Visitor: 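Below are the C-alpha cells for one structure; questions will follow.
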Amino acid sequence: MATDINSEKFVLRLLCAGTSQGSVQASLIPLLRTYQWSSTLHGAIFSAILSIPSDDPALLRQLLPAKLTRMGFPDVEWHQLFAPVLISGDEAIECARKLIAEA
C-alpha cells in the first residue's frame, strides 16, 4: 500500500506541476478517471484538479487550497504537489499506466 500511496503522490505531482515538457493533464486525466485512489485525500485532490478548467501550475497553486479546504481537507502539504518533475511527457504517461496496473 505504501508504494501505491507514493505512486499516487507522484502522479498527482505530475498533474499539478507538469513535466519538463509542460503540462500532462490532457494525457493523464483520461487514464485516471476510473482509477480508485488508495487515499481519500488523493481522490479529493484529483476531483479538485478536474474542477479547475486550467492546467497552469500557477493557477492550480492558487485555487487548489481553497477548493480542498471546502472539501474538508484544509491541511494539505502544497509544496510537495508543486515540486518540479524532471521527466518527459511519455515517462509521465508510463507512470500513470504503472499506477493503474498496480491497482
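Note that the structure is a prediction, hence the values are computed from the model and not measured.
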Visitor: Do any pairs count as a side-chain hydrogen bond (donor to acceptor under 3.5 Å, both in side chains) and have a residue in residues 87-98, sequence neighbours left out, and if so which ones?
Guide: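 Residue pairs with at least one partner in residues 87-98: S88-E91.
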Visitor: Less than 4.5 Å apart, side chain to side chain, heavy atoms only: is that true for D55 and L60?
Guide: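 Answer no - side chains too far apart.
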Visitor: Check whether any side-chain heavy atom of L12 lies under 4.5 Å from a side-chain heavy atom of W37, and answer yes or no.
Guide: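 Side-chain contact under 4.5 Å: yes.
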Visitor: Measuring only between side-chain heavy atoms, which start at C-beta, is L99 closer than 4.5 Å to F10?
Guide: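 Not in contact.
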Visitor: Provide the closest heavy-atom pair for A96 versus L32 in the form atom of the first, atom of the second, distance.
Guide: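 Of all heavy-atom pairs spanning A96 and L32, the closest is CB-CD2, 4.4 Å.
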Visitor: Considering only heavy atoms from C-beta outward, does the side chain of L15 approach that of S23 to under 4.5 Å?
Guide: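 Counting from C-beta outward, L15 and S23 never come under 4.5 Å.
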Visitor: Work out which heavy atom in A17 is nearest to a heavy atom in A83; give both atom names and the distance.
Guide: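 What the structure gives for the nearest pair is CB-O, 3.6 Å.
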Visitor: Would you check, one step at a time, whether the test side chain to side chain contact (heavy atoms under 4.5 Å, CB included) holds for E8 with F46?
Guide: CA-CA 10 Å; E8 286 182 1; F46 184 71; over 6 Å; no
Visitor: For C95 and L28: C-alpha separation, side-chain torsions, deciding distance, then whether side chain to side chain contact (heavy atoms under 4.5 Å, CB included) applies.
Guide: CA-CA 9 Å; C95 288; L28 297 189; over 6 Å; no
Visitor: Let's go through L59 and L63 carefully: what are the C-alpha distance in whole Å and the side-chain angles of both, what is the deciding distance for side chain to side chain contact (heavy atoms under 4.5 Å, CB included) to 0.1 Å, and is it a yes or a no?
Guide: CA-CA 6 Å; L59 186 59; L63 298 177; 3.6 Å; yes
Visitor: Are any of the side-chain heavy atoms of Q25 and I52 separated by less than 4.5 Å?
Guide: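 Q25 vs I52: side chains apart.
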Visitor: So do the side chains of I45 and I49 get within less than 4.5 Å of each other, counting heavy atoms only?
Guide: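 Yes; the side chains approach each other to less than 4.5 Å.
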Visitor: Considering only distance and modelled atom types, tabulate donor-acceptor pairs under 3.5 Å from the side chains of residues 70-79, sequence neighbours left out.
Guide:
{"from": "E77", "atom 1": "OE1", "to": "Q80", "atom 2": "NE2", "distance (Å)": "3.1"}
{"from": "W78", "atom 1": "NE1", "to": "V76", "atom 2": "O", "distance (Å)": "3.3"}

Visitor: Between P53 and S51, what is the shortest heavy-atom contact and its length?
Guide: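 Shortest heavy-atom contact: CD-O, 3.5 Å.
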Visitor: Tell me, do L64 and C16 make a side-chain contact under 4.5 Å, heavy atoms counted?
Guide: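 Counting from C-beta outward, L64 and C16 do come under 4.5 Å.
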Visitor: Which residues satisfy the side-chain hydrogen bond (donor to acceptor under 3.5 Å, both in side chains) test with T19, sequence neighbours excluded?
Guide: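 So T19 forms no side-chain hydrogen bond (donor to acceptor under 3.5 Å, both in side chains) with any residue.
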Visitor: Could you tell me whether the side chain of R13 and the main chain of P84 form a donor-acceptor pair under 3.5 Å?
Guide: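 Looks like yes, one N/O pair under 3.5 Å.
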Visitor: Run the side chain to side chain contact (heavy atoms under 4.5 Å, CB included) check on R33 and L50 step by step: do they pass?
Guide: CA-CA 9 Å; R33 281 201 187 273; L50 291 178; 3.9 Å; yes
